[in-house]
2 protein chains.
Amino acid sequence: MPDIKHFDPDAALDTVVRLFWRQGVAMTGIQDVVTATGLNRSSLYATFGGKQELYLAALRRYQEQWSRPAFRGLADDRRGLPAVAEFFDALIEVRCSGEYARWGCMVSNAQAGAENGDAEVRAFLHRHHEELRDALCAALVRAEAQGQLAAGTEPGVTADLLALLAYGVNLRSRTGADAGSLRATVGAALRSLTSRTAE
Amino acid sequence: MPDIKHFDPDAALDTVVRLFWRQGVAMTGIQDVVTATGLNRSSLYATFGGKQELYLAALRRYQEQWSRPAFRGLADDRRGLPAVAEFFDALIEVRCSGEYARWGCMVSNAQAGAENGDAEVRAFLHRHHEELRDALCAALVRAEAQGQLAAGTEPGVTADLLALLAYGVNLRSRTGADAGSLRATVGAALRSLTSRTAE
DNA sequence: GCTATCTTGAAACGGTCGTTCCAAGTACCA
DNA sequence: TGGTACTTGGAACGACCGTTTCAAGATAGC
């Protein structure tokens, strides 16, 4: 017998993701959320709970919508190093041009912010890092099997290295690093992993 | 004929650096500053100006006290790659243990936060990045001259690469990455730059 | 169409934000 | 020692924070 929602929670959450992504959680007030989504405080709190829960929901949505597809594409690609190169190309493209240019990565931003004080946020960040690392590792294992890696290049530790590199790209892109420079840097990194005989 | 300050502005600024470094500017209120430094609002505003100016002063102080010495040590070291390795070792040490463990880097944190909206902050971040890059480049040029680098490894682009890596270390350390894992990752990166014949 | 149950709008909550103001205090110079 | 330029303590400012509350509105089953 109840009334039903007069709005689409998913669309609202997408709007919230953009807010937190661009401005960070500390600089985004509930009033900003109310204004951007068009719905009022009652509906907000009834649907998502308080600000911290809303932020966590936004983080998870960001992961589902942005990280996970990229990770899956990387892990499922059978080409080895070219898959890694394509992953970074797409990353730099999103970070430096289009609607989300200079927004950085919402997850990387969360790592630097004080929002990582929350235990649930920290757990999320830990899981997210592992997923990135695992996807990179899967691609690197394939690269190794195809003889694309220089001798002594272990997929595991190299995946960690490339993950750190991705974080660096995310950070620098938010400050306005240009795509060309980032591409050159990532290209040099991948080349340094390459087996010379395979070139 | 005036009265003189009843406190040490330098010591107060050091305390403020710690606050902004650990909690970020958005999560740190003026009340926190007042409590931590022990001085009152009047003295604060008379000495440093408003919050944004205080934050900028803290950023510059952090750079002078932490970044610059490390950069100078790196750029002045004549050993080449060992200097780079030592730079990263010291970085990881500070980031993962002691008083500042899990605080990350105040400058890297600023890159991710919304505080980079301010034009002066952005200019500061740009300069800081160039100083890091230049110091790394100087060490890499020496490494190249001594035949420590693999063929085709350009000091310039490699400096960019290692700078991104340092940002990654800063970010991950704030979330609680352990020193051993970071050291292994950085070690692998440096090994991938090494000329095989020099080993 | 009545009622039960949820949603919605809007006002209001206490608290904290960054900042300002002013009276009282204090050290230097004449 | 008096005057003066500055510092200091502390109250107060309006604005905004995240959150709660509640009456009015809306829907589905009876």
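Protein chains get the first letters and strands the later ones, always in sequence-line order, with residue 1 at the start of each.
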Please set out all donor-acceptor pairs under 3.5 angstrom arising from side-chain atoms of residues 27-41 of chain B, sequence neighbours excluded.
| residue | atom | partner | partner atom | Å |
| --- | --- | --- | --- | --- |
| B:T28 | OG1 | B:G24 | O | 2.7 |
| B:Q31 | OE1 | B:R41 | NH1 | 3.0 |
| B:Q31 | NE2 | B:T35 | OG1 | 3.2 |
| B:D32 | OD2 | B:G29 | N | 2.9 |
| B:T35 | OG1 | B:Q31 | O | 2.9 |
| B:T37 | OG1 | B:V33 | O | 2.7 |
| B:T37 | OG1 | B:L39 | N | 3.4 |
| B:N40 | OD1 | B:S43 | N | 3.2 |
| B:N40 | OD1 | B:S43 | OG | 2.9 |

Write down the distance between [atom1] ([X]) and [atom2] ([N]), rounded to a whole number of angstrom.
{"X": "A:Y55", "N": "D:dT19", "atom1": "OH", "atom2": "C1'", "result": "20 Å"}
{"X": "A:Q23", "N": "D:dC17", "atom1": "CD", "atom2": "C1'", "result": "15 Å"}
{"X": "B:N40", "N": "C:dG25", "atom1": "CG", "atom2": "P", "result": "15 Å"}
{"X": "A:D3", "N": "D:dG25", "atom1": "CG", "atom2": "P", "result": "13 Å"}
{"X": "B:K5", "N": "C:dC28", "atom1": "NZ", "atom2": "C1'", "result": "16 Å"}

Would you check if [X] and [Y] make a side-chain contact, meaning some heavy-atom pair closer than 4.5 Å?
{"X": "A:V121", "Y": "A:Q52", "value": "yes"}
{"X": "A:C105", "Y": "A:R95", "value": "yes"}
{"X": "A:N116", "Y": "B:R174", "value": "yes"}
{"X": "A:M106", "Y": "A:L59", "value": "yes"}

Under the salt bridge (Lys or Arg N to Asp or Glu O under 4.0 Å) definition, can you give me all pairs with a residue in residues 146-171 of chain A, not counting sequence neighbours? A:R133-A:D160
Under 3.5 Å donor-acceptor pairs involving side-chain atoms of residues 80-94 of chain B, not counting sequence neighbours:
| residue | atom | partner | partner atom | Å |
| --- | --- | --- | --- | --- |
| B:E86 | OE1 | B:R79 | NH2 | 2.9 |
| B:E93 | OE2 | B:S97 | OG | 3.2 |

Identify which one of A:W103, A:Y55, A:Y62 satisfies the ring-ring contact (aromatic ring centres under 6.0 Å, His included) criterion when paired with A:F20. A:Y55
Under a 4.5 Å side-chain heavy-atom rule over Ile, Leu, Val, Met, Phe, Trp and Tyr, are B:W21 and B:L171 clustered together?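 Each belongs to a different hydrophobic cluster.
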Which parts of residues 6-16 of chain B get close to DNA chain D, meaning a heavy atom less than 4.0 angstrom away?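 Output list: B:H6, B:F7.
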Nucleic acid contacts of residues 111-124 of chain A, taken as heavy-atom distances under 4.0 Å to DNA chain D: none
Nearest 0.5 Å, please: how far is CZ in B:R60 from NE2 in B:H128?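 Spacing of NE2 (B:H128) from CZ (B:R60) equals 13.0 Å.
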Nucleotide by nucleotide, nucleotides 17-22 of chain C touches protein heavy atoms under 4.0 Å in the pattern (B base, S sugar-phosphate only, - none) SSBBB-
Checking side-chain contact (heavy atoms from CB on, under 4.5 Å) against A:T185, which of B:T158, B:L164, B:L162 comes through?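 Testing A:T185 for a side-chain contact (heavy atoms from CB on, under 4.5 Å) against B:T158, B:L164, B:L162 leaves exactly one candidate, B:L164.
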